[in-house]
Every structure is written in C-alpha cells, then in structure tokens.
Amino acid sequence: MEELEQWKEQVCHLWRLVMDYLREVPPNQVYATAAIAVFTTLLLLSVRFLRRAKSNTVVLMGLSGSGKTVLFYQLRDGSNDQGTVTSMEPNEGTFILHGETTKNGKIKPVHIVDVPGHSRLRPKLDDYLSQAAGIVFVVDALDFLPNCRAVSEYLYDLLTKGSIVSKKIPLLILCNKTDKVTAHTKEFIHKQMEKEIDKLRASRSAISAADIANEFTLGVPGEPFSFTQCSNKVTTADASGLTGEISQLEEFIRDYVKP
C-alpha cells in the first residue's frame, strides 16, 4: 500500500508540472503538449504494471536423492510412486496444487520445475532461475551429515548468484524425509549449514578460479554467518514427500504465487 501511495504522488506531481507548463505555452501548442503528457503517463503506467507482473514459477532444487521428484508429484497429484528414480531431465508442469483441488473459487495454477541435482546437470538451473517467484532447496534430513559440505557448497553458490540476489528471490530450505525417526531436525540442519557456509566464506575469501562464478559475497565481515544476513529471504521448513506431509511447502509456494 505504501508503494502504491508513493506512485500516486508521483503521478499527481507529474500532472501538476504538466498543467503549470500548459498555462505558459501558446494555445496552438496546447494539444500537442497534452498529447505528449498523456502518452508519457501511459508509458510509465505500462512499465509499472510490467514490473509488478508476478511470476508463477517455483523451482525445486538440491542434491540428487534429496526427494525433489517425489515432492513434485505430491504437489501435482498427491502421488509418490514416480519419484524413486533419479531424474536426469527436468520435470516441469503448470497445475493447481493437489491440496487445493477441492477448494471453491478461482485458483491460480503454479509452474513447478524439478531440476536434476547431479552437478553436470545444474547448468539447466539458469534457464529457470531468472523467472522464479521462489526457490525450494531440498535437503535430505536422513543423510544430512555425510552430505553437509556438498549441500552447503551448493547453497553457497546459489546465495551468491546474481540472478537470485539481485531479484531477492525468496528461498526455502526444505528438510525432506523428516517422518523418519533418525532424521535430523530442521533447526539442527539450519545451524549446521550456517556454520559450514561460514567456513566456506572464509576459505573463498581470496579470488580464485573456483570463485569466479560467485557474483556476490555473503554475510557481514567480522561476524559469524547467518541466513538473516542474506539479501533475499531464507527460511527453513520440514516435509515428508513419501507420506504427503508438504503443508509448509505449499504454504511457501502460495506466499509467493497468490491464488
């Protein structure tokens, strides 16, 4: 609302300037000047609306085996039997979330993209990140500790990527498979990843060939790293693709793709 009020003030100020100018120009120039003013205002409004156009794309990403494809099918049709094989090509679809199919009224479909987690296939991410309304970074809560370094490196690269930081795309760290007794909690995973990223930040402080792809730096110099220091909003939630416990995932999606 505050942004809308500022825009109204800007438009009113523009028209005041135009009217003041019209009082000073010869009558034969009034119509031409008024036409230019109208055209300029319409152009500004068009640009404004284009900027405010919201994407409906949400990208699922993470290491191979974290359960992204299971989550994709849960979101699409509530099934989990098509996510047992590691994806080698992106799964992509535009649909109403399965948990919303019984609701009355008009619901906006969501464009969900499940990008393969294999390192050789990650370049495909760049095709989707520029149009993302939100990013879901899926972490295997069962096998987190053995993969903590690899997971943190992947997330570090994302959080320093220009296409994500400049647009402040919100990111959800989704701890999957939390239905298992031996799964780590989202609080534990959150803290461990902050510590690991803090180490990475220190080790990558010197410019190297491995760090050229990182367009932004993370954190505050001299302070331990925290996700709250990121330019884009980073939150943590848990889920279980196999049991269909994905309410926090659906909530995140609808926070940024309004129904």
Enquirer: Do the ring planes of F225 and F227 sit parallel (below 30°), tilted (30 to 60°) or perpendicular (above 60°)?
Expert: perpendicular

Enquirer: Return the minimal non-hydrogen interatomic distance between M193 and L155, and the atom names on each side.
Expert: CE-CD2, 3.2 Å

Enquirer: With sequence neighbours excluded, tell me which residues meet side chain to side chain contact (heavy atoms under 4.5 Å, CB included) with T178.
Expert: A141, C175, D238

Enquirer: Testing the basics here: between P221 and G219, what is the closest heavy-atom pair and its distance to 0.1 Å?
Expert: CD-O, 4.0 Å

Enquirer: With rounding to the nearest 0.5 Å, note down the distance linking CD in E251 to OG1 in T235.
Expert: 9.5 Å

Enquirer: Can you tell me how far NE2 of H98 sits from CG of L75, rounded to the nearest 0.5 angstrom?
Expert: 10.0 Å

Enquirer: Contact between N91 and V113 at the side-chain level, heavy atoms closer than 4.5 Å - yes or no?
Expert: no

Enquirer: Does a donor on one side chain sit under 3.5 Å from an acceptor on the other, for D114 and T69?
Expert: yes

Enquirer: Walk me through whether E92 and H111 qualify under side chain to side chain donor-acceptor pair (under 3.5 Å).
Expert: CA-CA 7 Å; E92 187 174 355; H111 181 216; 2.7 Å; yes

Enquirer: Mark yes or no for whether K168, through its side chain, and K233, through its backbone, hold a donor-acceptor pair below 3.5 Å.
Expert: no

Enquirer: Are any of the side-chain heavy atoms of L242 and K177 separated by less than 4.5 Å?
Expert: no

Enquirer: With the side chain counted from C-beta on, respond yes when I135 and P170 share a heavy-atom pair under 4.5 Å apart, and no when they do not.
Expert: no

Enquirer: Out of curiosity, H184 NE2 to D140 CG, how far, rounded to the nearest 0.5 Å?
Expert: 9.5 Å

Enquirer: May I ask you to decide if A237's main-chain N or O and Q248's side chain share a donor-acceptor pair within less than 3.5 Å?
Expert: no

Enquirer: Just do the side chain to side chain contact (heavy atoms under 4.5 Å, CB included) check on T185 and F188 with the steps written out, would you?
Expert: CA-CA 5 Å; T185 66; F188 175 81; 3.4 Å; yes

Enquirer: Once you round to the nearest 0.5 Å, how far does CG of L218 lie from OG1 of T160?
Expert: 5.5 Å

Enquirer: Assigning hydrophobic clusters by single linkage (Ile, Leu, Val, Met, Phe, Trp, Tyr; side-chain heavy-atom cutoff under 4.5 Å), is F95 placed with I253?
Expert: yes

Enquirer: Taking it one step at a time, do L71 and I246 satisfy side chain to side chain contact (heavy atoms under 4.5 Å, CB included)?
Expert: CA-CA 8 Å; L71 292 168; I246 59 172; 3.7 Å; yes

Enquirer: As a quick check of understanding, evaluate side chain to side chain contact (heavy atoms under 4.5 Å, CB included) for Y156 and E196, giving each step before the final call.
Expert: CA-CA 9 Å; Y156 178 97; E196 197 63 40; over 6 Å; no

Enquirer: Using a 4.5 Å cut-off on heavy atoms from C-beta on, say whether the side chain of E250 contacts that of R254.
Expert: no

Enquirer: Would you call D198 and R201 a salt bridge, taking side-chain N to carboxylate O under 4.0 Å as the test?
Expert: yes

Enquirer: Quick one: do V139 and S66 satisfy side chain to side chain contact (heavy atoms under 4.5 Å, CB included)? Show the steps, please.
Expert: CA-CA 6 Å; V139 178; S66 58; over 6 Å; no

Enquirer: Can you check whether V110 reaches V58 side chain to side chain, under 4.5 Å on heavy atoms?
Expert: yes

Enquirer: Report whether V234 and L200 are members of the same hydrophobic cluster (ILVMFWY, side-chain heavy atoms less than 4.5 Å apart, transitive linking).
Expert: yes

Enquirer: How far does CE of M61 sit from CG of L129, to the nearest 0.5 angstrom?
Expert: 5.5 Å

Enquirer: Considering non-hydrogen atoms only, spot the tightest contact between C230 and L159 and give its length.
Expert: SG-CD1, 4.0 Å

Enquirer: Taking all heavy atoms of A239 and all of L174, pick out the closest pair and write down the distance.
Expert: CB-CD1, 3.8 Å

Enquirer: Do L249 and V136 have side chains that approach each other closer than 4.5 Å (heavy atoms only, starting at C-beta)?
Expert: yes

Enquirer: With sequence neighbours excluded, what pairs up with V220 under the side chain to side chain contact (heavy atoms under 4.5 Å, CB included) test?
Expert: E223, Q229

Enquirer: Does any N or O in the side chain of K68 come within less than 3.5 Å of the main-chain N or O of L63, such that one atom is a donor and the other an acceptor?
Expert: yes

Enquirer: Do you know the tightest heavy-atom contact between I164 and L158?
Expert: CD1-O, 3.4 Å

Enquirer: Do P116 and S64 touch side chain to side chain, with heavy atoms closer than 4.5 Å?
Expert: no

Enquirer: If you measure from NZ on K161 to OG on S166, what distance do you get to the nearest 0.5 Å?
Expert: 11.0 Å

Enquirer: Where do P109 and N56 come nearest, in terms of heavy atoms and distance?
Expert: O-ND2, 3.4 Å

Enquirer: List in chain and number order the residues that pass side-chain hydrogen bond (donor to acceptor under 3.5 Å, both in side chains) with H190, two or more places apart in sequence or in another chain; answer none if no residue qualifies.
Expert: E194, T236

Enquirer: Find out whether T94 and I112 are in side-chain contact, i.e. whether some heavy atom of one side chain is under 4.5 Å from a heavy atom of the other.
Expert: no

Enquirer: Count the heavy atoms belonging to other residues, nucleotides or ligands that lie under 6.0 Å from NZ of K108, then report whether that count exceeds 12.
Expert: yes

Enquirer: Would you call E187 and K191 a salt bridge, using N to O less than 4.0 angstrom?
Expert: no

Enquirer: Counting distance only, does the side-chain N/O of N147 pair as donor-acceptor with the main-chain N or O of A150 below 3.5 Å?
Expert: no

